[in-house]
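Comments concern the structure below.
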Amino acid sequence: MGASHTKVIDLKSAIETYVPDGAHISIGGFTINRNPMAAVYEIIRQHKKGLHLYAHSNGQGVDELIGAGCVARLEIAYAGSGRFAPTCIRFRKAIERGDIGFEDYSNYQMTLRFMAGAMGVPFLPTRSGLGTDLIRQWGFQKTERQNDIKLPDEKLVVLDNPFGTWADTPKVVLVPAINPDVTIIHVQKADADGLSRINGLPFVDVEQAKASRHLIVTCEELVDTDELKSDPDRNQVPPFCVDAVVHVPWGAFPTACFGRYDYDPAYLNHYKQDAADDIRYKKYLQNFIYGPETHEQLLAKINPAQLDAIRADERTGYATGLDRR
Amino acid sequence: MGASHTKVIDLKSAIETYVPDGAHISIGGFTINRNPMAAVYEIIRQHKKGLHLYAHSNGQGVDELIGAGCVARLEIAYAGSGRFAPTCIRFRKAIERGDIGFEDYSNYQMTLRFMAGAMGVPFLPTRSGLGTDLIRQWGFQKTERQNDIKLPDEKLVVLDNPFGTWADTPKVVLVPAINPDVTIIHVQKADADGLSRINGLPFVDVEQAKASRHLIVTCEELVDTDELKSDPDRNQVPPFCVDAVVHVPWGAFPTACFGRYDYDPAYLNHYKQDAADDIRYKKYLQNFIYGPETHEQLLAKINPAQLDAIRADERTGYATGLDRR
Amino acid sequence: MSEYTLREMMTIAAVREINDGDIVFCGTGISMLAAMAAKHISAPDSFIFFETGAIDSKLEEVPLAVGDPRVMYWTAVNGSLADAFATMQNRFTGRQVVGIMGAAQIDIYGNLNSTSIGDYHRPKVRFPGSGGACDVASFVNRTIIFMSLEKRKFVRTLDYFTSPGWIDGPEGRKKTGLPDGGPSVVITNMGIFRFSSDSRKMYLDSYYPDVTPDRILDNMEFVVDVVDAVPTRPPSDNELQILREKCDPQRLIL
Amino acid sequence: MSEYTLREMMTIAAVREINDGDIVFCGTGISMLAAMAAKHISAPDSFIFFETGAIDSKLEEVPLAVGDPRVMYWTAVNGSLADAFATMQNRFTGRQVVGIMGAAQIDIYGNLNSTSIGDYHRPKVRFPGSGGACDVASFVNRTIIFMSLEKRKFVRTLDYFTSPGWIDGPEGRKKTGLPDGGPSVVITNMGIFRFSSDSRKMYLDSYYPDVTPDRILDNMEFVVDVVDAVPTRPPSDNELQILREKCDPQRLIL
């Protein structure tokens, strides 16, 4: 594929093009790992509104999008950021204040919903959740669903096994597919056409990527196609799934990126304190997100010694011995 | 895990232990690639009878098991061995003569059936096959199914989408899970506890492995756990899925094993001719399978120059320039 | 204009059906060659795609099966069968896929049989079965079908209905619950058929040199419209040159 | 006998629930430490297993979340979430899994709430939500539950029913369509509860030194059977030594 067909664009253009107000969106990563934070911050910087956000346990990115007021509705399994926030702080405030619509699922249910979207089927079955409020309590009511073409009419459906007691399973929960308008994932390596490689646990990134109408890949390193094709067993996302490739070193910061850098305990602790107070949180947004024009400028505000401290050890893939208090 | 917990046994014992007459069985690989042929030949050698065999496109192994009379019933998507047998020869004869029971599915349907078994759900949905004889024509009739606890009562079930037209899908085909009594796969590397690594395309091996009550892994190379754990992104089957590990170099011969050796065109052409004639086929069985007591002895009957010729090129993973006429 | 063989004609006919950006699902043989040639001729940004899970393989040598280790070398992704079929069933990527397939029988709506002739349970002739054919025909946007033109192959009623075409007319797939899309073209050894957008019935689009529409009809069990059929545009020098020199210099397939 | 802390007592209580060959689904903190200690004490062939997909991680440093890069190092397999949950729902491997979990509320049948307090739509307190808790509780053979013993946590009725325990009695899971298995033990800061095999109701199994059954009942909204409760067997010197020296020498968790 010639250079003329490159999908490489800058982050500002990628978000402008693929994340309109009101978009249904999902982001990759898990709690404090490989969230596409540069893209999250750019969405905030562009003051996107009314997003419908699908998340399994995409911790830090979810909390910042909610905190900045970008999210109108949330479908989620888990909002926590490990020890830094057993419950994500701005998420908790938004829900207790009634600022956003929300609906609860389990992690596997959300995983299967993305998987159904990726597979091109309307639902997948599971035994998870039978008998629980995940089935009984709907966050979005029937009329809201029926009036919105982008929501399925039912939250979850319990089905008697049409194969009798086959597999000793009398009934299953059907979870409806998700096909987001756009998904954003952050990967270690990609080429200009979007062929992508994730090192370490892929979480649900691959299913989220394939379920989506549009896909933005941000990457630590933009590499030659041949580098990736020489070891194809390690690659996960084929070029034809990808709309935009954005080269953003440290693009998951302050969350971790296996083999590259650790999460930044200093930033996350600072965030934790700021997030707890509305006035301090406004200042945080101003200082760290609206102030800088790019992720590079945001990074320039971080003590270089701290960035150095979180660089991954080549042997372990994380910052061995990092002070994580 | 101490050496006392090793799952390493010899092939004869593995087949004796896990493949009783009448077992429901599946084998890994695809057409002429990475079939667990050493295990297939050992099953034949032990004169196993009445096997119920689940296959997607597991070409050569399926044909030899059928040819040797081990198979009573077959559920299959495709029986071909590439250019060597556009339709597998002993398979074709067995069906045209009415020697075995059989039922047809598509490759994706069979893939999903193994996947459902691996996931622990009774079925998975797909849009494949709507309107076709795959749904209308049952190989095993209702009463046969109802009298056999190991067969689901229905072949395939068409279901109206319980989420209305969600995902623009009015209806789906549900395919029932398969949980074989035993699956056998052949991999490039395994450790003594069964942790396994496949290089190149994994086909459906991983789903077949996880769907199964028992799993035999045959491997080209038995390696230290640390060698595999140092690069876990490449490993697919965790130890707790595995019952037996058998070290069998050239264990996929005469089918290919990526990065190790190619398929053997000489053997496959020879097989093609023998398989076409009942008397010659009996001689083939006697000479190549019943005669040798082990896979090593079978290999000893092959011209060493030919084994050398099919050794994989390090760069490409196959035998570059091999005479494949 | 150069001389050319029938196989070259058929291959180039398929190449012309492949557009830039297409994901080309192919088997071995002539379909794979068409996919390779398209990358050089009309569709540099198309992808060769095998049901075994290999995407964009570097085919330094001709694979003899889609499970051949040659399809695993220098690919974009070495996925599983589950991945491959999901790509085709996927609502976005599936729309980019053009499937190339063959069969033992075809009917006027492009429905295919690759399972058996005679009674299903005790067939006169048994073929390998669906493999991925039913899946591809069910899911993807367009299919290109290769068939040799014979009366026993172009039949009024299939002995076994393996893979869905247009089912029974313009509403056939919709009624059945299948995604949009379906057979686009049937490339034979005597001419090329397409499907009417009104009736979804096969019609003769063009015929090769030294062939007449009447001779084509003689080789079919059912009758198709031939009134608008024209002579097939022969392969151009450029098409032939690329096909011969870049795709199959050793003439392994051609 | 050595001195020991409450956290050490609780950790060792969990260790004793882990058998050789178990696949131990755990979160961070004390549950992970119990899984690590079990490999040294009673269950050398058990596997530490995270919902994020990491199997048998070499935990050279303590992860602060199950998505911590520390769980990805030197594992048997780095799978996906889909793989991890399928392992637990799987009819064979799921039977080998013991899940360790916590919650905000528990009822007498071991059903759990980790979602919210008050009205679901406008809660007084919002927690992170199910995460994998509902999945694990639905699928696996046995669960070990860590809870701090407080009246607002051991409640008659859950504010939100996130994860299934024994539902409403001996037939609860079966009626509901869930696999066999369920909560096995509840380890608290004052004593240890188990579930009657007849009624599937929680009962007090043992209580820690300086605690009485009555004091325990004072900290619960519902009443449980305490008649057979005995003092908890304290950690042995050997257990403590292994826990301290081999699992958490830097006292990051203990």
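Here is the naming used below: chain letters follow the sequence lines, and residue numbers restart at 1 for every chain.
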Please confirm whether the backbone N or O of A:Gly259 pairs with a side-chain atom of A:Asn199, one donor and one acceptor, at under 3.5 Å?
no

Validation row, ring centre A:Tyr105 to ring centre A:Tyr54 under 6.0 Å
no

Which atoms of A:Ser106 are under 4.5 Å from chain D, going by heavy atoms: the side chain, the backbone, both sets, or neither?
both

Looking at A:Phe203, is A:Arg34 sitting on its ring face, NZ or CZ under 6.0 Å from the six-membered ring centre and within 45 degrees of the normal?
no

Could you tell me whether A:Glu75 and A:Lys155 make a salt bridge, using a distance below 4.0 angstrom between a side-chain N and a carboxylate O?
no

Might you point out which heavy atoms bring D:Ser138 and A:Ser128 nearest each other, and give the distance in Å?
OG-CA, 3.6 Å

Distance under 6.0 Å and angle within 45° of the ring axis: does A:Arg311 meet both against A:Tyr261?
no

Which answer fits A:Gln236, side chain, backbone, both or neither, if we ask what part of it has an atom under 4.5 Å from a heavy atom of chain D?
neither

Shortest non-hydrogen contact from D:Lys153 to D:Ala104?
CG-O, 3.3 Å

Which bit of A:Arg324 is near chain D, if near means a heavy-atom gap under 4.5 Å: side chain, backbone, both or neither?
both

Which atom pair, heavy atoms only, marks the closest approach of A:Asn58 to A:Asn35?
O-OD1, 3.5 Å

Residues of residues 90-99 of chain D contacting chain A, heavy-atom criterion under 4.5 Å, by residue number
D:Arg91

Check whether D:Phe139 forms a cation-pi arrangement with A:Arg127 (NZ or CZ under 6.0 Å from the six-membered ring centre, at most 45° off the ring normal).
no

Can you give me the closest heavy-atom contact between D:Val24 and D:Ser46, atom names plus distance?
CG2-CB, 4.3 Å

A:Arg136/A:Asp133 salt bridge by N-O under 4.0 Å criterion:
yes

Does any backbone or side-chain atom of A:Pro86 lie under 4.5 Å from a heavy atom of chain D? Answer side chain, backbone, both or neither.
backbone

Comparing A:Gln109, A:Lys171, A:Gln137, A:Met115 against chain D, the one with the most heavy-atom pairs below 4.5 Å turns out to be A:Gln137

Among A:Thr316, A:Thr169, A:Val206, who wins on heavy-atom pairs under 4.5 Å with chain D?
A:Thr316

If I measure from the heavy atoms of chain D, does A:Phe114 come under 4.5 Å with its side chain, its backbone, both, or neither?
neither

For A:Arg315, is it the side chain, the backbone, both, or neither that has a heavy atom closer than 4.5 Å to a heavy atom of chain D?
both

Salt bridge D:Lys151-D:Glu221, side-chain N to carboxylate O under 4.0 Å:
no

Go through the atoms of A:Tyr263 and report whether side chain, backbone, both or neither lie under 4.5 Å from a heavy atom of chain D.
side chain

Applying a strict 4.5 Å limit to non-hydrogen atoms, the region of D:Glu61 in contact with chain A is both

Can you check ring pair (Phe, Tyr, Trp, His ring centres under 6.0 Å) on D:Phe127 and A:Phe91, steps first, answer last?
CA-CA 10 Å; D:Phe127 303 113; A:Phe91 156 84; over 10 Å; no

Applying a strict 4.5 Å limit to non-hydrogen atoms, the region of A:Pro202 in contact with chain D is both

Toward chain D, the part of A:Thr126 with a non-hydrogen atom under 4.5 Å:
both

Side chain, backbone, both or neither of D:Asp68 within contact of chain A (heavy atoms, under 4.5 Å)
both

Heavy-atom pairs under 4.5 Å with chain D - which of A:Leu130, A:Thr111, A:Thr31 has more of them than the others?
A:Leu130

Chain D contact via A:Ala167 - which portion, at a heavy-atom distance below 4.5 Å:
both

At a heavy-atom separation under 4.5 Å, does A:Thr255 approach chain D through its side chain, its backbone, both, or neither?
neither

